[in-house]
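Down below is the structure, laid out as structure tokens.
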There are 2 protein chains.
Amino acid sequence: MSGSTDGSARGRVTLQHIADELGVSTATVSLSLRSSPLVAAATRDRVQAVARSLGYVYNRSAASLRTARTNMIAVGFNDIVNPYFGELLAAIEETLAGSGHTVLLGTYSDDPVKQDRVLGTLKEYRPDGMIVCPANGARAASLRDVADAGIPLVQVSREISGVGLDFVGSNDALGTEAALDHLFALGHRRIAIIGGTDAMSTGANRRNAYRTYLAAHGMAVEAALMVEGFGTRDLGFAAVHGLLDLTSPPTAAVCFNDLTAFGVMLGLRHRNREAGRDFSVVGCDDVKEAALWAPGLTTVKNHHADMGRRACERLLARMVNPALTPERIVIEPTLVVRGSTTSVG
Amino acid sequence: MSGSTDGSARGRVTLQHIADELGVSTATVSLSLRSSPLVAAATRDRVQAVARSLGYVYNRSAASLRTARTNMIAVGFNDIVNPYFGELLAAIEETLAGSGHTVLLGTYSDDPVKQDRVLGTLKEYRPDGMIVCPANGARAASLRDVADAGIPLVQVSREISGVGLDFVGSNDALGTEAALDHLFALGHRRIAIIGGTDAMSTGANRRNAYRTYLAAHGMAVEAALMVEGFGTRDLGFAAVHGLLDLTSPPTAAVCFNDLTAFGVMLGLRHRNREAGRDFSVVGCDDVKEAALWAPGLTTVKNHHADMGRRACERLLARMVNPALTPERIVIEPTLVVRGSTTSVG
DNA sequence: TTGAAAGCGCTAACAG
DNA sequence: CTGTTAGCGCTTTCAA
């Protein structure tokens with residue numbers, strides 16, 4: 001090809017060019033390209049044909065300026081390497097694709113300052129809505145800023161208390177209770193809780209549920225058995241060592257998430273102990289890998305794909321009707337028992 | 001607060017409002033907000049203060065229309081649940097955040113038709129650049145369409161042969177050879193290859209390297225030992241059964257990726273065999289979980305975080321200078337030996 | 001150092 | 001059924 005059309009087509013074909021080519025107005029072109037019934041079928045076809053031949057590419061920025069809609073949904077997460085969030089993001093992206101929305105992604109590694117910066121940037125793209133999992137220690141004002149700028153927002157997985165915004169997540173306390181019930185029934189009376197902090201809803205909810213449960217079942221709540229921190233493999237790995245070194249070590253642990261539980265299982269092996277034989281460990285999330293480890297990980301299933309879907313649905317509903325009263329949509333978790341838990345030796 | 005400013009601030013504050021408030025022009029406001037040296041410091045400060053108090057939010061769509069830059073980079077992947085791509089995406093997102101770019105995400109599940117649709121949509125957002133891992137069976141025209149629309153594009157991980165666009169990926173053949181060398185040295189003479197298709201570069205490269213290696217080392221290339229398919233756990237799991245049922249079953253397998261290898265290890269266990277004892281398995285990618293399985297997975301490390309970073313760097317370079325000659329940036333993989341391989345029994 | 005004016009590419013009244 | 005016109009919010013000459 002001598003590239004004659006290509007040359008002019010380098011991302012620079014506009015409605016005007018098509019209009020000129022056909023001797024019609026840009027309005028007609030605009031309507032034709034969207035297959036509006038207002039325009040004659042013959043005209044529509046001619047316009048579409050010329051658009052194609054000219055290599056026309058619709059310019060959403062321009063349209064957005066006019067319509068005040070971008071068809072983008074911003075997603076703010078701490079971390080997408082954690083498969084829990086990876087899978088959650090995948091569910092969201094897929095659901096939104098179904099309604100013609102594209103995901104704009106930002107991450108902030110559980111750093112509230114970075115979160116504010118990232119959300120601020122995302123906001124400037126004027127997404128039609130935003131799905132956010134708040135950072136550890138994030139303040140209500142950070143999310144309110146977004147909502148006050150007129151962007152529908154739903155919190156997913158974690159929430160900021162009193163922020164007055166939609167939330168779709170899991171019943172953390174119930175999950176922790178189910179895990180503790182399971183261990184209690186297996187005879188465990190010294191149970192650690194590893195991971196989570198009181199500065200994120202999921203951490204606070206689970207740690208409080210733990211405290212309450214222990215008290216209600218006549219077990220003392222010992223600081224040494226409550227290992228605070230982010231839900232990483234490293235935390236789990238390191239925590240095991242400390243716990244096993246206690247004068248009176250625990251026989252089981254509930255973990256903030258599956259990643260932490262995997263770290264615990266590795267730490268155990270490192271000390272010549274095996275989960276499900278010498279020690280019981282319960283995870284949380286039920287990521288794909290949980291079923292596949294040896295032994296399989298007993299874990300609290302958060303139904304996170306469902307959570308992602310429901311967050312999208314809620315957001316779309318709020319986009320249609322911004323006056324909706326904020327709602328807390330809480331999904332019941334399920335305990336999945338596998339090989340990593342056993343009766344106390 | 002009685003919300004008087006909030007009411008008008010609902011995402012509707014523009015430069016004009018700030019200008020009116022101060023009796024200056026929008027030009028001055030625009031310059032002030034970007035801290036241009038052209039404007040007096042005192043003016044600048046007053047403008048910025050008013051902008052803040054009015055709850056002004058910069059409108060990137062409007063700016064983009066004017067500047068023809070969006071500061072968005074589109075990323076097109078098949079699947080982000082596979083931790084390999086999740087980690088790759090994380091590396092890309094992080095790198096781009098450093099240069100002030102935000103990621104626009106699209107996925108297409110290895111479906112070339114869906115890929116075309118998704119890339120078409122992404123294109124309309126006029127991202128400043130695009131990073132794409134082509135779908136299985138994707139044609140050159142799909143990516144050329146994007147590039148011809150004037151959007152700088154780099155292929156990552158997989159490439160379409162002859163498309164004449166940048167590519168950042170791994171030396172697939174070398175990785176496969178390293179895996180086979182390792183198995184050969186352990187005495188294996190019947191080696192399967194599981195996963196990958198000839199319709200994606202990574203699959204074709206590895207399968208060809210396998211064919212060549214076997215021929216060069218006096219082993220017959222048997223169709224039954226070459227299990228074609230996408231790199232899923234399910235494929236690995238299913239393939240093992242078929243392979244073990246052969247009259248003369250293999251003693252080892254190289255897998256398309258770690259996920260497939262995990263599936264193989266599970267399938268083995270299902271047949272009362274253990275990887276690293278009764279059968280040897282080599283993965284590819286070295287995702288985080290690979291080191292943590294029991295036994296640890298011997299795998300070909302693709303350095304995918306590095307790959308993501310380099311893809312971004314190449315893209316940024318091309319954005320600065322679109323005339324750059326397309327380049328193939330090939331990263332040397334490393335074999336990581338762990339417990340899933342052993343000498344032939 | 002600041003303002004006026006034009007225009008990026010599109011859509012939405014409104015008129016015809 | 002199609003054209004005219006105005007304008008979304010910003011940046012960028014060019015003048016003053």
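Just so it is clear, the model here is predicted, and its values are computed rather than measured. Throughout, a chain's letter reflects where its sequence line sits, starting with A, and its residues are numbered from 1.
Between A:T28 and D:dT2, a side-chain N or O to OP1/OP2 separation shorter than 4.0 Å is absent. For D:dG9, the OP1/OP2 oxygens have no side-chain nitrogen or oxygen of B:T14 closer than 4.0 Å.
Checked against side chain to side chain contact (heavy atoms under 4.5 Å, CB included), A:S61 has the following partners two or more places apart in sequence or in another chain: A:N59, B:S64, B:T70. Here A:D145 pairs with A:K123 under the side chain to side chain contact (heavy atoms under 4.5 Å, CB included) rule; sequence neighbours left out. With sequence neighbours left out, B:E94 forms a side chain to side chain contact (heavy atoms under 4.5 Å, CB included) with no residue at all. Listed by chain and residue number, B:Y84, B:E87, B:L88 satisfy the side chain to side chain contact (heavy atoms under 4.5 Å, CB included) test with B:H304 (two or more places apart in sequence, or in another chain).
When heavy atoms are screened at a 4.0 angstrom cut-off, B:S61 is found touching no nucleic acid atom at all.
Salt-bridge annotation for A:D110 and A:R158: present, with a side-chain N of the basic residue lying under 4.0 Å from a carboxylate O of the acidic one.
Nearest-nucleotide assignment on DNA chain C puts the 5′-proximal partner with B:R44, out of B:R44 and A:L65.
In this structure, B:N59 atom CG and D:dG7 atom C1' are separated by 14 Å, rounded to whole Å.
Judged by a 6.0 Å distance limit and a 45° cone about the ring axis, B:R60 is positioned over the six-membered ring of A:Y125.
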Tabulated below should be each protein N or O lying under 3.5 Å from an N or O of nucleotides 12-14 of chain C; please produce it.
residue, atom, partner, partner atom, Å
C:dA12, O4', A:R66, NH2, 3.3

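Rounded to 10 degrees, the angle between the two end axes of the helix from C:dT1-D:dA16 to C:dG16-D:dC1 is 40°, with five pairs used at each end.
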